[in-house]
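Because only heavy atoms are used, hydrogens play no part in the values below, and waters and symmetry mates are left out as well, while side chains stay in.
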Amino acid sequence: MLYWFFVKGLGGLARHRFHPVVIGTDNIPKQGGAIIAANHLAVIDDAVIPITCPRMVHFMGKSDYFTGKGFKGWFKKWWFTSVGVFPVDRAGGDKAAGAMATAREILESGELFGIHPEGTRSPDGRLYRAHTGFARLALETGCPIIPTALIGTREIQKPGQVMPGKGTVTVVYDAPIQVEKKPEEEITREDIRALADELMERIQKLTGQEYVDMYAQEAKKLLAARVAE
């Protein structure tokens, strides 16, 4: 796997543009599985975390990245696989079950799994309600959750902007949320939602973002409908 080659090589160029200020890396366990759970403001978020985290982080990526044809399709699949990304069908439900099983294997093998619980980038810079898959994973595995705040990435890469500009971003790895492992049959919806809400409350305090108790996907649909009117 070429993860560290890209992080050290291309990561140097990224650091030159983003000048990341990193706080709290000592909150990341030196070994063992853990979930890096962050807000999501820009495409570059998934570059900022790897170049600031002292351990390799595995992320999910859209299944489309792995199913393209021709040289372009092959290159995308090679690239994302090389940097530790694995596919997820974002239609959700049973279609995403395979990706969650892979994430669980990653955690149980003692590695880091990174996720944006909002499910998609914030359409307006506010913080949205968390999907709960990561919370179930934490309860099933007993792995801690590291609340991770990304600040300034949206200013460097605005929506629709392909090439990020220059600036300074801040990444805060907060104290872990310790999670007690539970048998699957004892995990309730209330347990899962409470853990997901606790994470977003922690992130909101770190970023200062306005919180909206709605899924980001729903907010995007509402904004699109308003534009279409």
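Residues Phe134 and Ile187 share a single hydrophobic cluster, defined by chaining ILVMFWY side chains whose heavy atoms lie under 4.5 Å apart. Note: the hydrophobic cluster containing Phe59 also contains Tyr3 (ILVMFWY, side chain heavy atoms under 4.5 Å, direct or indirect links). Hydrophobic clustering, with ILVMFWY side chains joined whenever heavy atoms are under 4.5 angstrom apart, keeps Val212 apart from Ile151. Tracing side-chain contacts under 4.5 Å through hydrophobic residues (I, L, V, M, F, W, Y), one reaches Ile36 starting from Ile44; they form part of the same cluster. Leu112 is connected to Val48 through a chain of hydrophobic side-chain contacts under 4.5 Å among Ile, Leu, Val, Met, Phe, Trp and Tyr, so both are in one cluster.
Shown here for Thr132 and Ile192, the closest heavy-atom pair between the two residues is CB-CG2, 3.2 Å. Among all heavy-atom pairs drawn from Ser122 and Leu41, the shortest one is CB-CD2, 4.2 Å. The shortest non-hydrogen separation linking Leu223 to Pro123 is CD1-CB, 3.5 Å. Closest of all the heavy-atom pairs between Arg154 and Asp124 is NH2-CA, 3.5 Å. Listed here is the closest heavy atom pair of Gln209 and Gln204: O-NE2, 2.8 Å.
A donor-acceptor contact shorter than 3.5 Å is absent between the side chain of Arg55 and the backbone of Ile28. Between the side chain of Asp45 and the main chain of Ala42, a donor-acceptor pair closer than 3.5 Å is present. At least one donor-acceptor pair under 3.5 Å links the side chain of His19 to the backbone N or O of Gly167. At distances below 3.5 Å, at least one donor-acceptor pair connects side-chain atoms of Arg202 with backbone N or O atoms of Ala175. Formation of a donor-acceptor pair under 3.5 Å by the Glu201 side chain with backbone atoms of Glu198 is not found in this model. Of the possible donor and acceptor atoms, none in the side chain of Glu210 sits under 3.5 Å from a partner among the backbone N and O of Leu127.
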Inset, instruction - For the pair Ile49 and Leu150, evaluate side-chain contact (heavy atoms from CB on, under 4.5 Å) and give the outcome as yes or no after the intermediate values. - result: CA-CA 9 Å; Ile49 290 176; Leu150 298 167; 4.1 Å; yes
Legend entry - CA sep, side-chain torsions, deciding dist, call: Phe113, Val57, side-chain contact (heavy atoms from CB on, under 4.5 Å): CA-CA 6 Å; Phe113 167 57; Val57 184; over 6 Å; no
Inset, instruction - Show your working on side-chain contact (heavy atoms from CB on, under 4.5 Å) between Thr207 and Asn39 and close with a plain yes or no. - result: CA-CA 9 Å; Thr207 65; Asn39 58 322; 3.8 Å; yes
Inset, instruction - Walk me through it: do Lys220 and Thr120 pass the test side-chain contact (heavy atoms from CB on, under 4.5 Å)? - result: CA-CA 10 Å; Lys220 284 186 174 181; Thr120 188; 2.8 Å; yes
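Annotation: the span from Ile203 atom CD1 to His116 atom NE2 amounts to 10.0 Å, rounded to 0.5 Å. Rounding to the nearest 0.5 Å gives a distance of 7.5 Å between OG1 of Thr102 and CE of Met60. Between atom CG of residue Leu137 and atom CD of residue Glu108 there is a gap of 9.0 Å, rounded to the nearest 0.5 Å. With values rounded to the nearest 0.5 angstrom, Thr148 atom OG1 is found 9.5 Å from Asn27 atom CG. To the nearest 0.5 angstrom, Thr153 atom OG1 is 10.5 Å from Arg121 atom CZ. Rounding to the nearest 0.5 angstrom, the gap separating the CG atom in Leu107 from the SG atom in Cys143 is 4.5 Å.
Scanning for side chain to side chain donor-acceptor pair (under 3.5 Å) contacts around Arg129 gives Asp213, with sequence neighbours left out.
Side-chain contact between Ile106 and Met56: absent, with no pair of heavy atoms (C-beta onward) separated by less than 4.5 Å. For the pair Arg126/Tyr128, a side-chain contact is recorded, criterion being any heavy-atom separation below 4.5 Å from C-beta on. Looking at Met200 and Glu118, their side chains come closer than 4.5 Å, going by heavy atoms from C-beta outward. Side chains of Asp174 and Ile146 form no contact here, defined as non-hydrogen atoms less than 4.5 Å apart. Using a 4.5 Å cut-off on side-chain heavy atoms (C-beta onward), Val179 and Leu195 make contact. Using a 4.5 Å heavy-atom threshold, the side chains of Val22 and Tyr173 count as touching. Looking at Pro20 and Arg15, their side chains come closer than 4.5 Å, going by heavy atoms from C-beta outward. Side-chain atoms of Pro117 and His131, non-hydrogen and from C-beta on, never get closer than 4.5 Å to each other.
Counting non-hydrogen atoms of other residues, nucleotides and ligands closer than 6.0 Å to CD of Gln178 gives a total above 12.
Checked options Lys181, Arg136, Lys182; the residue passing with Asp191 is Lys182 (criterion: salt bridge (Lys or Arg N to Asp or Glu O under 4.0 Å)).
A salt bridge links Arg104 with Glu140; the closest basic N to acidic carboxylate O contact falls under 4.0 Å.
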